[in-house]
Protein chains: 2
Amino acid sequence: MATTSRTTPSPIVDPLTLEVVELIGTVVARYHEEYEQAAAQHALTGAQARVLGLISMDPVPMRKIARKLKCEPSNITGIVDRLETRGLVERRPDPADRRVKLAAATDEGRRTARELRGSLDFAREPLGRLSESERTLLRDLLKRMLGEDVEL
Amino acid sequence: MATTSRTTPSPIVDPLTLEVVELIGTVVARYHEEYEQAAAQHALTGAQARVLGLISMDPVPMRKIARKLKCEPSNITGIVDRLETRGLVERRPDPADRRVKLAAATDEGRRTARELRGSLDFAREPLGRLSESERTLLRDLLKRMLGEDVEL
DNA sequence: TATTGTTATACTCTATAACTATA
DNA sequence: TATAGTTATAGAGTATAACAATA
């Protein structure tokens, strides 16, 4: 212990809400940890894994990837460069607009993306502790929390 | 296309679980977005805000900060350097062990940390959509999910 | 003129390894 | 010898600004 600095619990938020926020913080930390770990198993960074996952179904214009990842388009250039060097992604022209380049997963890229999804333990480990009805409840609560109108 | 049968070791996950995982992904994204935004309002990076929040109550040894943030100790040096330059953090000797340096928030650092907590809308905005009983339910579900034994 | 992707630049975060000063 | 913190280094992500090709 050190200085006796009393910290004021800022805005008036009830203890229950604070507890839920803290729990969500724990979930967020756990989620990220597992995601980075799964990516690392394939020698990918988190950003690379996210981009690969994003384009693994259909080719996506560079600009659109940036919007989805909420970052500047110039960053995507580098990330796709590294994925392309590894043979997981390739750039294709867009027949409709010659300014656009589509980032598309190669066969190996799709395989890696699939394995990546599979190795995400988050579905099994923590969620496995809940029964089906509990998972349904959790789903509806999260949906309501995120703005979707769900009857509970 | 891999013709071998070992294509996907991914476990058969039911649609409900997948939906919950996806929802959690959305929560994680929203949480991060808000956190970075709150940090940016104080011209801090996410890592800086996390460190500042961590030491805002009591001084913490550099090594311990690294453990909490799950990163290498050498990284903390730089982050604390930048916080120190801004006058938000100071390094203090540990009377008990002269090898140890304690990172401690200054008065301004504590004020910033408090404002940071206050500007985290995550408590108000999404959680505000839930009633108190729903929040209680969510809390218990998250607790169970995270391993704490709770009777539901 | 506006948009797409890229390049160049600078900063931060990250891990690794080597160093110092203590223990 | 072992530990705490630092330095040096390199790679990656990020934002900004300027650029070429295309619309």
Side-chain angles (χ1 to χ4, degrees), chain A residues 29 32-33 35-55 59-86 88-104, chain B residues 28-29 32-55 59-86 88-104:
Chain A
H32 250 84
E33 205 176 326
Y35 194 91
E36 297 285 328
Q37 198 175 314
Q41 280 172 0
H42 297 270
L44 293 172
T45 66
Q48 288 164 8
R50 264 188 302 277
V51 168
L52 184 57
L54 189 60
I55 68 173
V60 179
M62 303 292 284
R63 204 102 192 163
K64 194 169 178 182
I65 300 176
R67 275 197 302 270
K68 292 262 189 184
L69 264 67
K70 293 184 205 294
C71 73
E72 293 301 313
S74 59
N75 302 326
I76 305 303
T77 299
I79 297 174
V80 169
D81 279 351
R82 281 158 223 132
L83 288 170
E84 199 165 27
T85 301
R86 300 242 333 244
L88 301 174
V89 165
E90 61 183 11
R91 272 175 247 238
R92 295 183 196 160
D94 183 341
D97 186 337
R98 278 163 42 191
R99 290 174 303 180
V100 174
K101 283 177 192 165
L102 302 170
Chain B
V28 168
H32 251 83
E33 203 178 328
E34 298 221 358
Y35 193 92
E36 296 287 327
Q37 199 176 314
Q41 280 172 0
H42 297 270
L44 293 171
T45 66
Q48 288 165 6
R50 265 188 302 279
V51 167
L52 183 57
L54 189 60
I55 69 174
V60 180
M62 303 292 284
R63 204 103 192 160
K64 195 169 179 182
I65 300 176
R67 275 197 302 272
K68 293 263 190 184
L69 263 69
K70 296 186 204 294
C71 71
E72 293 301 313
S74 59
N75 302 327
I76 306 302
T77 299
I79 297 173
V80 169
D81 279 350
R82 282 159 223 132
L83 288 169
E84 199 165 27
T85 301
R86 301 243 332 243
L88 301 174
V89 165
E90 63 183 9
R91 272 176 247 239
R92 296 182 194 161
D94 183 341
D97 187 336
R98 277 164 41 194
R99 291 173 304 181
V100 174
K101 283 177 191 165
L102 302 170

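Fair warning: this is a prediction, and the values are worked out from it, not measured in the lab.
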_Integer-rounded Å distance: C:dT12 C1' and B:L83 CG_ = 12 Å
*To the nearest Å, give me how far apart CG (A:D97) and C1' (C:dA2) are.*
12 Å
*Between B:Q48 and A:D81, which is nearer to the 5' end of DNA chain C once each is assigned its nearest nucleotide?*
A:D81
*What about A:R99, does its side chain sit under 3.5 Å from the base of C:dT3 through a donor-acceptor pair?*
yes
*asked:* What is the separation between atom CD on A:E84 and atom P on C:dT6, rounded to the nearest whole Å?
replied: 9 Å
*Nearest heavy-atom pair of B:P73 and B:R63: which atoms, and what distance?*
CG-CZ, 3.8 Å
*Nearest whole angstrom, please: distance from the P of D:dG5 to the CD1 of B:I65.*
8 Å
*Hey, are the side chains of B:P59 and B:R92 touching, using non-hydrogen atoms and a 4.5 Å cut-off?*
yes
*asked:* Base, sugar-phosphate or nothing for A:R91? Non-hydrogen atoms, less than 4.0 Å.
replied: sugar-phosphate
*Tell me what B:I79 touches on the nucleic acid: a base, only sugar-phosphate, or nothing, going by heavy atoms under 4.0 Å.*
sugar-phosphate
_A:R86 side chain vs A:D81 backbone, donor-acceptor pair below 3.5 Å_ = no
*For A:Q37, look at atom CD and say whether over 12 heavy atoms of other residues, nucleotides or ligands are found less than 6.0 Å away.*
no
*Rounded off to whole Å, could you give me the CG-to-P distance for the B:D94 and C:dA21 pair?*
19 Å
*Would you say the side chain of A:I55 lies within less than 4.5 Å of the side chain of A:L83, judging by non-hydrogen atoms?*
no
_Base, sugar-phosphate or nothing for B:R63? Non-hydrogen atoms, less than 4.0 Å._
base
*Any side-chain N or O of B:K101 less than 4.0 Å from the OP1 or OP2 oxygen of D:dT6?*
yes
_Nearest to the side chain of A:R98, heavy atoms from C-beta on, is which of D:dT6, D:dA23, C:dT12?_
D:dA23
*Which residue lies toward the 5' end of DNA chain D, A:T45 or B:T77, if each is placed at its nearest nucleotide?*
B:T77
*Which whole-number value in Å describes the distance from B:R67 CZ to C:dT14 P?*
17 Å
_Can you confirm whether B:L102 sits close enough to B:R91 that some side-chain heavy atom of one is under 4.5 Å from a side-chain heavy atom of the other?_
no
_Tell me the interatomic distance from B:L69, atom CG, to C:dA15, atom P, rounded to whole angstroms._
10 Å
Are there any protein N/O atoms within less than 3.5 Å of an N/O atom in nucleotides 16-20 of chain C, and if so, which ones and at what distance?
unit_1: C:dT16; atom_1: O4; unit_2: B:S74; atom_2: OG; d: 2.6

*Choose from D:dA4, C:dA15, D:dT6 the nucleotide whose nearest atom is closest to any side-chain atom of B:V100.*
D:dA4
*Judged by atom type as modelled, is there a donor-acceptor pair below 3.5 Å linking the side chain of B:E36 to the main-chain atoms of B:E33?*
no
